[in-house]
Structure formats: C-alpha cells, structure tokens
Protein chains: 2
Amino acid sequence: MYEQLKKSISQKVVLSNEEFELCKTFFIPKKIRKKQTLLLEGDVCTYNAFVEKGILRSYSTDEKGNENVMQFAFDGWWITDLSSFLTGGNSTYTIEAIEDSELLLLTTTAREALMDAVPAFERYQRLLLQNAYIALQSRVNGALTATAEEKYLKLTASYPEIISRIPQHMVASYLGLTPETLSRVRKQISLRK
Amino acid sequence: MYEQLKKSISQKVVLSNEEFELCKTFFIPKKIRKKQTLLLEGDVCTYNAFVEKGILRSYSTDEKGNENVMQFAFDGWWITDLSSFLTGGNSTYTIEAIEDSELLLLTTTAREALMDAVPAFERYQRLLLQNAYIALQSRVNGALTATAEEKYLKLTASYPEIISRIPQHMVASYLGLTPETLSRVRKQISLRK
DNA sequence: AGTATTTCTTAATCTACCTCAAGGATTAAG
DNA sequence: CTTAATCCTTGAGGTAGATTAAGAAATACT
C-alpha cells in the first residue's frame, strides 16, 4: 500500500527504513471509487492526497458550467487544492477520481507534524513544489503560444499514459480545447502517419 | 537600499533586527540600466534577484523569434530562472530590466548559507514559492479559458501599475496576444466608458 | 442480452484573434 | 531642433478553433 510513496520519496531524498516507517503512520489510507469526489469546490481542502493507485483530476467550473481541468494525478503523484489546503480558505477546485483509486491522505496538522518529525520530508515537499512550479511555467507558455496540435503532441510525448487512461474530453479540457477540436486534431495526426 | 527586502520578509515571517542585519550580508547589491540583461537565455542562472527598485521581465524566445514574457518583477518582487538556478542547467529565459533598477542578488551558495543561518528565511522562501504556484495556476486557467478582454481586465485589476510602467506590447506578450489585438481591446473598453 | 449513459466523431457555420501593411505618436539621441 | 528609434493604432483580409447539431461507438447497468 505504500510502495509508490516510498518510491516517490526515495527519488528526491534519502530516508532510512525507520524514518519511512515513521512517515507511514502520519497518513490515512483511503479508497475512492471512479467518479467519487475527494473535494467539492467551495469546501475547505483539509487533505493533501498521494495517489498510490489510480488517477484523479482537479477542475474548476466557470459561469457557463464548463469544467476546466487543472491537473491530473497518476499513481505516484500528489493532488490537492494548494491554496485552500495551506490557507484554510474555500477551494476553487473539485477533486474527483477518474479510476477506482487508492489514496494516502495527509491532513494539514499531520503534515506539520511529519515535517517536524522527519526533516527530509520537508525537503521532499519543497522539491516537489519547485518541480511543479517549473512545469506550470512551461504549461503557461504552451497555453499562450502553442497550437492545438502542438499542445496535444507535447502532452502525449510527456505523458503517453494519458491517451489510454483518461477520457479524451478531459484531455481536451486540460489543454483548453473543445472535445470536437481535439478529435479533429487527432484525426489529422493519424492521417499523416 | 534594503527597505523593500525588509518589507517583503516582514510580510511573511517574523525576523529580529539582528537577523535581518545578518541577512543583508548575504546579498550583492547591483544596479542595472534599462534594457540591460541580468541573464541571457542559455546561460546558467546563478542568481535569485530581489528587485529593490525598478522593474524587470523574463521572457523566452521561440523559433520565429517572438519574445514570450513569462514574468514581470516590480519593486519588492523576486525574479530568476528557477529551473536553471536550482539545477544548474541552462536557462530558458532571458531576464532584462524594463526600467533602471536596483537589485539585491543572492547566489545559489549564499542562499543555502542564508537558509542555514536564518531558518525564518527558508520559511519565507517557501511561502513565496507557494504563493507563486497558486498565482500561476490561476494564470494557466486564464490563459486557457479567458477572452483577450477578460485577461487584460483581470491583469490590470490585479496590477494597475502595469498600465503606466510597462510598454503595451510587453503586456500583450504576457497575455499571449499580439500588440494589435491588445490595442483594439483597449479601444473597445474605452469606447464603452 | 438489452437499455441507458457516456464518449467520440463528423460536418456546416461562425467568430475571436492573427497577419500583413502602413501611418501616426511618443520618446530618445545627437 | 532634427532625426532616429520605439511604440501604438487602424484597416483589410485570413484562419484556427468554437459552436451547434447530429449520429455513431463504446461502456456501464440490471
């Protein structure tokens, strides 16, 4: 149940077995079924969720009722509404399972306590945030300048699993495209091969 | 020379006068004239720059030679190529002064040393990164879903100084618009008033 | 297996924004 | 004060992607 977590932490920092065993005690395991929500827009996000197995997404909803996907989280990734989680304010995102998933939840207070107990964990979290920030910058750049096809090719080159595990209309939303446009883009690409 | 820095830190963490005096010793003051560059795309970014006075911008350049503005940094803000600064890899952004500016530079090693010497400084940096990440998420959302006019109005509502201190074509680039489109958008807005 | 739900595709039309082109306004420089 | 940069505006025409509408395909449900 904690394999992915161990793998993720080990990729960033060095942790002894004892320290990792200690880490485990701070998490709450939770299973969630496809289409169930972990967080509803407007609620306070009290968890930072690590995905052991499955896929989640976060999305916001605009005035016209369109869902705009902010993030996908595959096995081994974290997902939360960071603003709400850190400040205790209302969330702007809904977090929902795309597949039946197994999560490890870290509450605000457990996170503080864990960072105190295991300093390397704080460093691990800082490194994750740095990487997430750098990746977001690149996404901004793509969102502002790339064509529909460029965005799709760049995304699938980086995360090929997206094609098989995520409904196409959600990928379209993530890229800021309509489902129809993404369908046409894919057709164009396939015709050229 | 360190007023803005003191103000910025005090807004996030509590720091004694002695600690702040200690902090100051880690920075290298630098003046930079309008249009001069602090970092050239492709070089390694060895500084995290705090803007005491003036404005800088960071931008990347695409195949067609278009400059895409990633960030503006006003008085009291930080600017760097985070990826290059943290990993030592080549930078993807150029950093350039929009006005004659006064900077406080923190090298990679000075930053490490400062975080060791003054723990509150590490917390300050973490808080800045968290806020920057949250703001970037909102920018992604806007880039993907907002119209030209919505993007412009949202930006100027958040940072009114942008209108008077930054050339319009750079604002256009930041928003992912052509200068012509931004000019027309502004005209439309003014006609309605 | 059969119905309902969700997902994907295709086509016709429309529109926000881009491109290209040129002139005007402002600021900087000798 | 004069010329050169830089910056901003305006117009005509083009295009990528949105919208609307419909049906096909796949998946889930009982």
Side-chain angles (χ1 to χ4, degrees), chain A residues 33-37 54-55 57 59 62-69 72 96-101 142-156 162-193, chain B residues 33-37 55 57 59 62-69 72 96-100 141-156 162-192:
Chain A
R33 312 218 83 210
K34 185 171 173 172
K35 298 208 176 165
Q36 282 188 324
T37 57
I55 313 183
R57 70 199 254 245
Y59 63 89
D62 62 25
E63 321 78 49
K64 295 162 211 144
N66 299 317
E67 294 177 0
N68 297 114
V69 175
F72 297 118
E96 183 190 276
I98 292 179
E99 298 176 353
D100 292 355
S101 303
L144 292 174
T145 66
T147 64
E149 179 170 327
E150 287 165 351
K151 287 194 240 180
Y152 179 71
L153 289 175
K154 188 178 163 195
L155 180 67
T156 52
I162 272 187
I163 299 177
S164 53
R165 293 179 70 186
I166 297 189
Q168 203 168 298
H169 68 277
M170 291 184 191
V171 176
S173 167
Y174 180 87
L175 296 174
L177 304 173
T178 59
E180 295 90 339
T181 293
L182 182 55
S183 177
R184 272 181 282 263
V185 163
R186 282 167 50 86
K187 179 150 201 209
Q188 281 307 309
I189 294 171
S190 71
L191 287 177
R192 282 205 303 273
K193 287 211 179 128
Chain B
R33 312 218 84 210
K34 185 173 174 170
K35 296 209 178 167
Q36 283 188 325
T37 58
I55 312 183
R57 69 198 254 246
Y59 63 89
D62 63 24
E63 322 78 49
K64 297 163 210 141
N66 299 317
E67 293 175 2
N68 297 116
V69 174
F72 297 116
E96 184 189 274
I98 293 179
E99 298 176 353
D100 293 354
N141 205 52
L144 292 174
T145 65
T147 64
E149 179 170 327
E150 287 164 351
K151 287 194 239 181
Y152 179 71
L153 289 175
K154 188 178 162 194
L155 180 66
T156 53
I162 273 188
I163 299 177
S164 53
R165 293 178 71 187
I166 297 191
Q168 204 168 299
H169 69 278
M170 291 186 193
V171 176
S173 166
Y174 180 87
L175 296 175
L177 305 174
T178 58
E180 294 92 334
T181 294
L182 182 55
S183 177
R184 275 182 274 261
V185 163
R186 281 168 49 87
K187 179 150 199 209
Q188 281 307 310
I189 294 170
S190 71
L191 287 177
R192 283 204 303 271

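Note on naming: letters A, B, ... go to the chains in the order of the sequence lines (proteins, then strands), and numbering restarts at 1 for each one.
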To the nearest angstrom, how far is A/Leu144 atom CG from C/dC18 atom P?
11 Å

Given D/dT9, is OP1 or OP2 found less than 4.0 Å from the side-chain N or O atoms of B/Lys187?
no

In Å and rounded to the nearest 0.5 Å, what is the CD to CD1 distance from A/Glu99 to A/Ile166?
8.0 Å

Nearest-0.5 Å distance that lies between atom CD1 in B/Ile163 and atom CZ in B/Arg186:
6.5 Å

Quick check: on DNA chain C, is the nucleotide nearest B/Lys34 upstream (toward 5') of the one nearest B/Arg184, or the reverse? Name the residue that is more 5'.
B/Arg184

Check the phosphate of C/dC18 against B/Thr178, side-chain N and O only, distance under 4.0 Å to OP1 or OP2. Yes or no?
yes

Length of the line joining B/Tyr152:OH and C/dC17:P, which is rounded to integer Å:
15 Å

State the CE-CD1 distance between B/Met170 and B/Ile162, to the nearest 0.5 angstrom.
12.0 Å

Here the pair of heavy atoms bringing A/Tyr152 nearest to A/Leu175 is CA-CD1, 3.8 Å

From D/dG17, C/dC17, D/dC8, pick the nucleotide closest to the side chain of B/Pro167?
D/dC8

To the nearest Å, how far apart are B/Ile166 CD1 and D/dC8 C1'?
16 Å

Is any side-chain nitrogen or oxygen of B/Ser183 closer than 4.0 Å to OP1 or OP2 of D/dT9?
yes

Could you check if a side-chain atom of A/Leu182 sits within less than 4.5 angstrom of a side-chain atom of A/Val171, using non-hydrogen atoms only?
yes

Base, sugar-phosphate, or nothing for B/Lys64, non-hydrogen atoms under 4.0 angstrom?
nothing

Using 0.5 Å steps for rounding, measure from the CG atom of A/Leu144 to the NZ atom of B/Lys151.
5.5 Å

A/Leu177 CG to A/Thr147 OG1 distance, which is reported to the nearest 0.5 Å
9.0 Å

Can a side chain N or O of B/His169 be found less than 4.0 Å away from OP1 or OP2 on D/dC8?
yes

Grab the CZ-C1' distance between A/Arg33 and D/dA28 for me, whole Å please.
12 Å

Nearest whole angstrom, please: distance from the P of D/dG11 to the CD of B/Gln188.
11 Å

Checking B/Asn68 side chain against B/Tyr59 main chain: does a donor-acceptor pair fall under 3.5 Å?
no

B/Leu175 CG to C/dA16 P: how many Å, rounded?
18 Å

When B/Leu182 and B/Lys35 are each assigned the nearest nucleotide of DNA chain D, the 5'-most assignment goes to B/Lys35

Would you mind reading off the distance between B/Glu150 atom CD and D/dA18 atom P, rounded to a whole angstrom?
15 Å

Atom-to-atom span, NZ of A/Lys151 to P of D/dA18 - whole angstrom
8 Å

Taking only side-chain N and O atoms of B/Gln168, does any of them lie within less than 4.0 angstrom of OP1 or OP2 on D/dT6?
no

Confirm from the modelled atom types if B/Glu180 and C/dC20 form a donor-acceptor pair under 3.5 Å, side chain to base only.
yes

Secondary structure string for DNA chain C (Watson-Crick or G-U under 3.5 angstrom, | for other-strand pairs):
|||||||||||||||||||||||.||||||

